[in-house]
Amino acid sequence: QLQLVELGGGLVQPGGSLRLSCAAAGFTLEHYTIAWFRQAPGKEREGIACINANGTYKDYADSVTGRFTIARDDPEIMVHLQINDLKPGDTAVYYCAAARQSIPPICELRPLYTTWGLGTQVTVSS
């Protein structure tokens, strides 16, 4: 059974940083497109960052561009999301998701992914 686990959430002060990690169990991430989503209370799940299977294509939501960076680990064990300059509006449960890389070799910020983690809570508060 394919599983994803999100690591690295927590409580951070505004302006702080976190690195979230997405780890796979039962498969490697080598041929998978990976995306990060988040869902705040009372809001819809939002796609915020994605990366294609070979790391050559990335996309970010406008709300996080310039502050969030997605990167693949070597040898394809984890995908990380570096989050800088955190704001209270970033408070949410963060999920990673995976799907087999398709053609063209891009990634999507829409929730079209087949495998999802259970999420990790990020709270930004002073």
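It should be emphasised that the depicted structure is a prediction, and the values quoted were computed from it without experimental measurement. Both backbone and side-chain heavy atoms feed into the values below; hydrogens, waters and symmetry mates do not.
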Quiz: residues 5-18 side-chain donor-acceptor pairs under 3.5 angstrom, not counting sequence neighbours:
from, atom 1, to, atom 2, distance (Å)
Glu6, OE1, Leu118, N, 3.2
Glu6, OE1, Gly119, N, 2.8
Glu6, OE2, Cys96, N, 2.9
Glu6, OE2, Gly119, N, 3.2
Ser17, OG, Asn84, OD1, 3.0

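Every residue two or more places apart in sequence or in another chain that forms a side-chain contact (heavy atoms from CB on, under 4.5 Å) with Ala24 is listed here: Leu4, Phe27, Leu29. Here Thr69 pairs with Tyr60, Gln82 under the side-chain contact (heavy atoms from CB on, under 4.5 Å) rule; sequence neighbours left out. Tyr95 meets the side chain to side chain donor-acceptor pair (under 3.5 Å) test with no other residue; sequence neighbours excluded. Applying the salt bridge (Lys or Arg N to Asp or Glu O under 4.0 Å) criterion to Arg45, with sequence neighbours excluded, gives no partner residue. Under the rule for a ring pair (Phe, Tyr, Trp, His ring centres under 6.0 Å), the partners of Tyr113 that lie at least two apart in sequence or sit in another chain are Phe37. Residues passing the side-chain contact (heavy atoms from CB on, under 4.5 Å) test with Thr56 are Asn52, Asn54, sequence neighbours excluded. Ala40 meets the side-chain contact (heavy atoms from CB on, under 4.5 Å) test with Lys43, Ala92; sequence neighbours excluded.
Side-chain heavy-atom separations under 4.5 angstrom define the hydrophobic clusters, and Leu112 shares its cluster with no other residue.
Ile48 places none of its side-chain heavy atoms less than 4.5 Å from the side chain of Leu109. A 4.5 Å side-chain heavy-atom check between Ser63 and Glu46 finds at least one atom pair inside the cut-off. Annotation: side chain of Thr120 is not in contact with side chain of Val93 (no heavy-atom distance under 4.5 Å).
Sequence neighbours left out, the pairs with a member in residues 110-124 that pass salt bridge (Lys or Arg N to Asp or Glu O under 4.0 Å) are Glu108-Arg110. Sorted by first and then second residue, the disulfide (SG to SG under 2.5 Å) pairs involving residues 36-72 (not counting sequence neighbours) are Cys50-Cys107. Each salt bridge (Lys or Arg N to Asp or Glu O under 4.0 Å) pair with one or both residues in residues 81-102, not counting sequence neighbours, appears once here: Arg38-Asp90, Arg67-Asp90, Asp85-Lys87.
The backbone N or O of Ala98 lies less than 3.5 Å from a partner atom in the side chain of Thr114, making a donor-acceptor pair. Formation of a donor-acceptor pair under 3.5 Å by the Gln101 side chain with backbone atoms of Ala53 is found in this model.
From Met78, atom CE reaches atom CZ of Arg72 across 13.0 Å, with rounding to the nearest 0.5 Å. Here the SG-CG distance, from Cys22 to Asp73, works out to 11.5 Å after rounding to the nearest 0.5 Å.
A side chain to side chain contact (heavy atoms under 4.5 Å, CB included) with Ile51 is found for one member of Leu81, Ile34, Asp59 and no other, namely Ile34.
Heavy-atom minimum distance, Thr33 versus Ile106: OG1-O, 3.7 Å.
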